[in-house]
Amino acid sequence: MSRVNYVSREDIDEEYADLIVSSLQPGKRVNVYSAIGNNPAVLAGVREFLGALWDHSGLSDRQREIVILTSASEIGSAYEWHQHVNIGTDAGLTREEIAAIGRDDRAGFDTDEQALIAYARAVARNRVTDALHEAVTEELGTEATVGAAATAAGYVALG
């Protein structure tokens, strides 16, 4: 349930109208964007930020969805979880892996994905230790680690 009214394309300036629809499902209004659309300039910035996370994080699509689903699970965001279950399966995650992320069961994941899940949870809790950061950087490299941190934090904020 949104705490603010959802805006429609007709409610905001034409230059922002396309920002409330899905980039994955053209024409479909996305509720979180429609809520943020109450401040169109912020919506534009959020969409640009999220686009950078999707396109330039240094993570594969699968890794990105692991981070997003982990972040959603950690903060209890049913909305983001629901939005990304199908996106996650499209990115190569199985339904069993997605359920495991929800339970924080890392056993079925490779070492690098286990580290990524631990890191995303730690970012969501603001509990990243030097040791965890170093371990993830060793597995993924600096660029992808920064991308993972930004993605986790961004989706915590969005949630």
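Fair warning: this is a prediction, and the values are worked out from it, not measured in the lab.
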Novice: Minimum heavy-atom separation for Thr70 to Ile66, with atom names?
Specialist: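 Smallest heavy-atom distance, with atoms named: OG1-O, 2.6 Å.
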
Novice: Where do Gly159 and Ile75 come nearest, in terms of heavy atoms and distance?
Specialist: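 For Gly159 versus Ile75, the nearest heavy atoms are CA-CD1, 3.9 Å.
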
Novice: Heavy-atom count around Asp55 CG within 6.0 Å, excluding the residue itself: above 12?
Specialist: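 Atom CG in Asp55 is packed in, count exceeds 12.
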
Novice: Mind telling me whether Tyr119 and His133 have parallel, tilted or perpendicular rings, with 30° and 60° as the class edges?
Specialist: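 Tilted: the ring planes of His133 and Tyr119 meet at 30° to 60°.
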
Novice: Enter the distance from Leu140:CG to Glu143:CD here, rounded to the nearest 0.5 Å.
Specialist: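 Between atom CG of Leu140 and atom CD of Glu143 there are 11.0 Å.
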
Novice: Does some side-chain heavy atom of Ile117 sit less than 4.5 Å from a side-chain heavy atom of Val67?
Specialist: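 No - every pair of side-chain heavy atoms lies 4.5 Å or more apart.
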
Novice: Cluster question for you: counting only ILVMFWY and a side-chain heavy-atom cut-off of under 4.5 Å, with indirect links fine, are Leu59 and Leu50 together?
Specialist: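 No: no chain of side-chain contacts under 4.5 Å links Leu59 to Leu50.
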
Novice: CD/Glu65 to CG/Asn86 distance, rounded to the nearest 0.5 angstrom?
Specialist: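 So the CD of Glu65 and the CG of Asn86 are separated by 10.5 Å.
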
Novice: How long is the span from the CG atom in Asp110 to the CG atom in Leu116, to the nearest 0.5 Å?
Specialist: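 Answer for the CG-CG pair, Asp110 versus Leu116, is 11.5 Å.
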
Novice: With no hydrogens and no angle check, is any side-chain donor or acceptor of Gln114 less than 3.5 Å from a backbone partner on Phe109?
Specialist: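 Here the side-chain-to-backbone pair exists.
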
Novice: Of the non-hydrogen atoms in Tyr16 and Ala44, which two are nearest, and what is the gap between them?
Specialist: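 Smallest interatomic distance, heavy atoms only, reads CE2-CB, 4.0 Å.
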
Novice: Would you mind reporting whether Arg62 and Leu93 have side-chain heavy atoms less than 4.5 Å apart?
Specialist: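 A side-chain contact exists here, since the closest heavy-atom pair is under 4.5 Å.
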
Novice: Enter the distance from Ser77:OG to Leu158:CG here, rounded to the nearest 0.5 Å.
Specialist: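 Going from OG on Ser77 over to CG on Leu158, the span is 7.5 Å.
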
Novice: Going by the rule side-chain hydrogen bond (donor to acceptor under 3.5 Å, both in side chains), which residues pair with Glu74 if we only count those two or more places apart in sequence or in a different chain?
Specialist: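 Glu74: side-chain hydrogen bond (donor to acceptor under 3.5 Å, both in side chains) contacts with Arg121, Arg125.
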
Novice: Indicate yes or no: at least one non-hydrogen side-chain atom of Ile68 is less than 4.5 angstrom from one of Trp54.
Specialist: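 Contact flag for Ile68/Trp54 side chains = yes.
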
Novice: Run the side-chain donor-acceptor check on residues 30-40: report pairs under 3.5 Å with partners two or more places apart or on a different chain.
Specialist:
unit_1, atom_1, unit_2, atom_2, d
Ser34, OG, Val7, O, 3.4
Ser34, OG, Arg29, NE, 3.4
Ser34, OG, Val30, O, 3.2
Asn38, ND2, Asn5, O, 2.7
Asn38, ND2, Ala35, O, 2.8
Asn39, OD1, Val42, N, 3.3

Novice: Determine yes or no for a side-chain-to-main-chain donor-acceptor pair under 3.5 angstrom, with Ser73 supplying the side chain and Leu69 the backbone.
Specialist: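 Here the side-chain-to-backbone pair does not exist.
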
Novice: Going by the side chain to side chain contact (heavy atoms under 4.5 Å, CB included) test, name the single residue among Glu97, Arg95, His84 that passes it with Thr89.
Specialist: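 So, applying the side chain to side chain contact (heavy atoms under 4.5 Å, CB included) to Thr89 and each of Glu97, Arg95, His84, only Arg95 qualifies.
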
Novice: What is the minimum heavy-atom distance between Ile98 and Gly88, and which atoms define it?
Specialist: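 Closest pair (atom of Ile98, atom of Gly88, distance): CD1-C, 4.3 Å.
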
Novice: Group every Ile, Leu, Val, Met, Phe, Trp and Tyr by side-chain heavy-atom contacts under 4.5 Å, then state whether Phe49 and Ile20 land in the same group.
Specialist: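 Yes; tracing contacts between hydrophobic side chains, which count when under 4.5 Å, links both residues.
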
Novice: Flag the pair Asp90 / Leu24 as yes when at least one side-chain heavy-atom distance between them is below 4.5 Å, and no otherwise.
Specialist: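 The answer is no; the side chains never approach within 4.5 Å.
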
Novice: Taking all heavy atoms of Ala107 and all of Asp105, pick out the closest pair and write down the distance.
Specialist: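 Heavy atoms only, the tightest pair is N-OD1, 3.2 Å.
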
Novice: So do the side chains of Asp112 and Gln63 get within less than 4.5 Å of each other, counting heavy atoms only?
Specialist: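 Answer yes - side chains close enough.
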
Novice: Under a 4.0 Å threshold between the charged nitrogen and the carboxylate oxygen, would Arg9 count as salt-bridged to Asp11?
Specialist: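 Arg9 and Asp11: not salt-bridged.
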
Novice: Is the shortest side-chain heavy-atom distance between Ile101 and Trp81 below 4.5 Å?
Specialist: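 Sidechains of Trp81 and Ile101: in contact.
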
Novice: Considering all heavy atoms of both residues, which atom of Leu132 and which atom of Ala118 are nearest to each other, and what is their separation?
Specialist: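 Closest approach of Leu132 to Ala118: CD2-O, 3.8 Å.
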
Novice: Strictly distance-based, threshold 3.5 Å: is any side-chain N or O of Arg47 a donor or acceptor partner for the main-chain N or O of Leu19?
Specialist: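 Checking the backbone N and O of Leu19 against the side chain of Arg47, a donor-acceptor pair under 3.5 Å is found.
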
